[in-house]
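Residue numbering restarts at 1 for every chain, and letters A, B, ... go by the order of the sequence lines. Below, all heavy atoms of this structure are taken into account, side chains as well, without hydrogens, waters or symmetry copies.
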Amino acid sequence: MSVARASFDFYAPGSSWLHRRDPRVKLGIVIGGSALALLWINIWLLLSVLLLVHLVLWLAGYPLANLWTVWRTIGPLLIVVILVWPLFDRSGTALVTLGPIEITGMALLRGTVTAARLAAVSFVFLLWIGTTSVRELVRGFVRLGLPDAWGMSLTIGLRFIPTFAGIFQTVTDAQKSRGLVLEGNFIERGRLMLPILVSSLVTALRASEQLAMTLESRAFGATKRRTVLRDIQMTAADWMTLIVGAAVVATLVYLSLWHGFGQSLTAPF
Amino acid sequence: MSQAESLVVVDGVSFSYDRQDGPIQTALDDVSLTIRRGELIGLVGQNGSGKSTLARHLNGLLLPDAGRVLVGDVDTRETEPGRLAGTVGYVFQNPDHALFLPTVREEIAYGLQFQALDESEAAARASTALAAFGLTQVADKHPASFGRGTRRLIVLAAAYAMAPALLVLDEPTGGLDYRLTSRLVETLRAYIAAGNSVVLISHDMQLVANTCDRVLALSDGRLIADGPPGRLFRDRDMLASTGLNVPDVARIAQALPETLVDPDTVAIDDFVEQFQRTVMKRELR
Amino acid sequence: MESTTNRHDAAVSLVRIEQLHYRYPPFDPNDPNPDQRWALEDLSLEVEAGEFLGVLGTTGSGKSTLCLALNGLAPQQTSGTIRGDVWIGELNTKRTPVIDVARRVGLVFQEPESNFLGLTVEDEVAFGLENLAVEIGEIEERVDWALKLTGAETLRSRSVARLSGGQKQRVAIAATVAMLPAVLVLDDPTAELDPAGTAEVLEVVQAVRTRRPETAVIMTSGDPAPIVAGADRMLVLDGGRRVFLGTPSEYIDAAPELLERGVAAPPFIELASRLNQAADTQFRFDDPDDAAQQMRRFFSI
């Protein structure tokens with residue numbers, strides 16, 4: 001048996017056109033893209049969005065292995081959505097009848113659309129978090145008005161997710177080595193987990209206390225306005241992207257809301 | 001050595017970590033060894049050489065990709081680490097990963113609850129462990145109120161109290177001063193004299209030289225040496241290639257003529273004893 | 001009692017610790033019987049610019065607490081009770097906010113993990129300078145300089161999380177040195193490293209001393225060997241009190257007595273002490289090679 005390392009790091013470094021875009025622009029794309037995906041119920045349109053996003057990520061040199069990881073992560077959720085949807089949606093004629101359960105083609109389709117929508121939103125987010133380092137991500141927020149101290153907390157928070165996962169794993173191992181066997185029903189297991197939770201918490205608290213000391217030792221908060229090495233900067237290309245993107249999104253939103261674009265489940269647009 | 005004396009058998013074990021962000025990393029490559037009763041074994045190697053991975057196989061925290069690990073006659077794949085804790089105790093490097101109870105005494109008693117001991121026996125074991133690690137005076141204090149050295153003594157005492165036949169200790173002397181280290185070594189010696197075994201993981205080569213009668217050296221997941229420390233610390237090429245240091249006493253012994261001191265001498269006690277003997281011989285003459 | 005030392009006199013030492021007493025707050029505020037011992041007790045000493053002071057001690061002797069007191073984290077962050085003073089030049093560390101002492105005192109912690117915020121190497125090194133609002137051009141220069149000095153140029157764009165322990169400490173020192181501290185404090189920086197990582201860190205400390213000779217370096221260590229080999233002067237603590245202050249050579253003379261107290265000595269020194277006890281010899285070794293030579297002489301070989 002092998003142990004999979006916990007990794008919450010979707011960012012893949014690179015210098016592609018997409019990587020070089022200002023994080024604020026990418027955040028804009030995410031908001032616009034997600035809005036459209038949530039607005040549309042047309043399966044072909046949603047699949048096109050997915051395809052387009054994959055194409056863009058591929059062109060940006062985003063590792064296919066990472067794409068696969070995302071699919072594997074959201075896959076079970078998508079399948080559950082498709083399978084569960086028909087239980088609550090009885091519209092249309094039944095394809096299959098299993099006792100009290102009637103599965104209709106319409107419900108299956110609606111489930112699939114919802115799953116496609118979820119997948120589209122996930123991958124639109126990947127355009128942003130997959131090509132933006134934590135540092136740029138945070139700088140983006142700070143430049144949009146987030147206070148420096150919050151930005152620092154966010155940076156540390158993101159850094160701490162894998163650290164905490166690591167601590168939890170090690171503590172679990174340490175407690176097993178002391179004789180802990182996780183067994184029994186749900187409640188029993190919860191009780192047995194207590195030592196693991198306490199030790200993890202104490203270890204994490206010590207680490208954060210230590211980190212607070214490091215921040216002070218490096219003069220964090222010594223001046224009102226910090227300088228920033230290699231700060232993010234809106235370039236001409238960024239403005240262009242933003243303007244073109246905004247125009248496209250605005251047009252599509254207009255078409256969708258007032259002209260029924262993407263509002264049919266299956267009709268080609 | 002007869003089969004009956006073997007405590008843990010590591011038989012052709014290979015293991016690799018699955019990593020999402022890189023090639024598969026081989027952490028152990030066809031490692032075989034047998035740990036017998038009454039051995040104090042040093043486990044050395046650079047960070048990333050596979051020491052902790054091997055140690056985690058000894059109580060089943062990790063299971064081999066290939067090969068097998070037998071604890072007594074139980075295959076680690078057929079049980080759980082928690083059920084082996086009475087036989088193989090493992091003390092992690094960072095004491096905070098193990099501590100969670102509000103007093104030192106409860107911390108020591110924690111593992112004993114899994115061992116189906118009667119109350120008086122459990123109490124006696126706990127007191128013995130507290131005394132052996134000099135913690136009797138502070139038994140009712142909160143473990144977190146102490147510095148790292150004392151917190152380490154608490155986790156060591158807790159593992160010791162369970163009296164496992166094999167005790168695996170990862171860097172047990174970090175934060176311990178000379179007196180506490182000497183005391184720990186004495187405790188471990190008494191422990192193996194009673195027929196138990198210890199695996200000591202350490203970067204302190206002089207500590208390993210002083211205490212161990214057998215040293216395992218790992219490099220890139222392969223077991224590149226398994227034998228008495230005297231032999232290991234003479235193999236300068238092997239040491240250099242694995243980034244290990246020659247302990248001072250071995251260095252001095254190797255620089256002296258064999259007529260004065262055996263060049264395989266690595267432990268301070270040994271050296272002093274031989275030196276005295278040589279002085280006496282010369283004086284007699 | 002407030003110190004009345006004339007702190008504007010150019011002749012006074014860079015670091016002045018004057019009758020320092022420090023006690024942590026009680027772990028349990030409701031404990032009717034709290035631990036009243038001082039973590040540091042009546043400690044006085046001075047460290048000159050350019051000096052390397054090595055600090056050894058027994059378990060719980062106050063080595064780490066001393067490091068925290070040097071930049072004011074004790075008592076400002078840890079609270080507790082303090083008497084006496086720590087002066088860094090004209091700054092009193094118990095009163096000057098830590099973020100301001102940080103301009104003069106750089107502190108590197110024991111655990112490589114705790115020295116970082118989770119950025120790339122370059123960002124970590126720039127972090128302190130950004131906080132001090134240093135101009136971008138100068139930040140670039142100083143980051144270049146610090147990375148080169150510590151031999152970490154090749155790590156520049158790597159994520160700190162993926163470095164080895166030795167590399168992490170190397171970058172931690174770079175991040176500290178980039179702020180051009182007058183005093184570099186290292187709290188047992190090699191405790192969690194293997195021999196290769198330890199050698200790496202000691203090399204970097206040497207490089208800092210060579211390239212910025214005016215820096216005072218104060219380093220604690222659980223392993224006495226690098227201190228004895230590299231320090232100008234050594235401080236030994238036991239139970240928060242100073243039990244030795246002197247040169248490494250004086251330390252070698254005092255080692256047998258310090259061993260009795262529980263202070264670890266490098267093995268070759270322990271060996272001399274044990275031989276002198278057991279065989280009534282008068283050995284005093286400077287290093288392992290010297291030990292072999294002296295024993296040859298002893299047996300007239």
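Ranked by heavy-atom pairs under 4.5 Å with chain B, the list C/S61, C/P26, C/A292 is led by C/A292. When the candidates B/A255, B/G149, B/S145 are compared by the number of heavy-atom contacts under 4.5 Å with chain C, B/S145 comes out ahead. For the set C/L271, C/T281, C/D28, the count of heavy-atom pairs under 4.5 angstrom toward chain B peaks at C/L271. Options B/G174, B/P257, B/A253 differ in how many heavy-atom pairs under 4.5 Å they form with chain C, and the most are formed by B/P257. Annotation: maximal heavy-atom pairing with chain B below 4.5 Å, among C/A225, C/A191, C/P195, occurs at C/P195. Comparing B/L260, B/V249, B/N245 by heavy-atom pairs within less than 4.5 Å of chain C, the highest count is held by B/L260. Annotation: maximal heavy-atom pairing with chain C below 4.5 Å, among B/R179, B/R251, B/K141, B/Q206, occurs at B/R179. Contact tally against chain C (heavy-atom pairs below 4.5 Å) for B/M205, B/Q254, B/H142, B/E171: the top residue is B/H142. Options C/Q293, C/Q110, C/R296 differ in how many heavy-atom pairs under 4.5 Å they form with chain B, and the most are formed by C/R296.
Contact of B/D204 with chain C is not made at all, since no heavy-atom distance falls under 4.5 Å. Contact annotation for B/Q46: both backbone and side-chain heavy atoms come within less than 4.5 Å of a heavy atom of chain C. Heavy atoms closer than 4.5 Å to chain C are found in both the backbone and the side chain of B/A144. For C/Q294, no part sits under 4.5 Å from any heavy atom of chain B, backbone or side chain.
If you take CZ on C/R23 and CD on C/E41, they are separated by 9.5 Å, rounding to the nearest 0.5 Å.
Side-chain contact between B/L218 and B/L43: present, with at least one pair of heavy atoms (C-beta onward) separated by less than 4.5 Å. In this structure, the side chains of C/L53 and C/M234 stay at 4.5 Å or more apart for every pair of heavy atoms. Using a 4.5 Å cut-off on side-chain heavy atoms (C-beta onward), C/P112 and C/L193 make contact.
A perpendicular orientation is assigned to the rings of B/F100 and B/Y110, their planes being inclined by more than 60° (bins at 30° and 60°). Between C/Y22 and C/Y24, the two ring planes are perpendicular [angle over 60°; tilted spans 30° to 60°].
When all heavy atoms of C/K63 and C/G57 are compared, the closest pair comes out as NZ-O, 3.5 Å.
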### Task
Before giving the answer on ring pair (Phe, Tyr, Trp, His ring centres under 6.0 Å), spell out for B/F146 and C/F27 the whole-Å C-alpha distance, their side-chain angles and the decisive distance to 0.1 Å.
CA-CA 9 Å; B/F146 298 102; C/F27 178 78; 8.7 Å; no
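Using a cut-off of 4.0 Å between Lys/Arg side-chain N and Asp/Glu carboxylate O, B/R148 and C/E192 are scored as salt-bridged.
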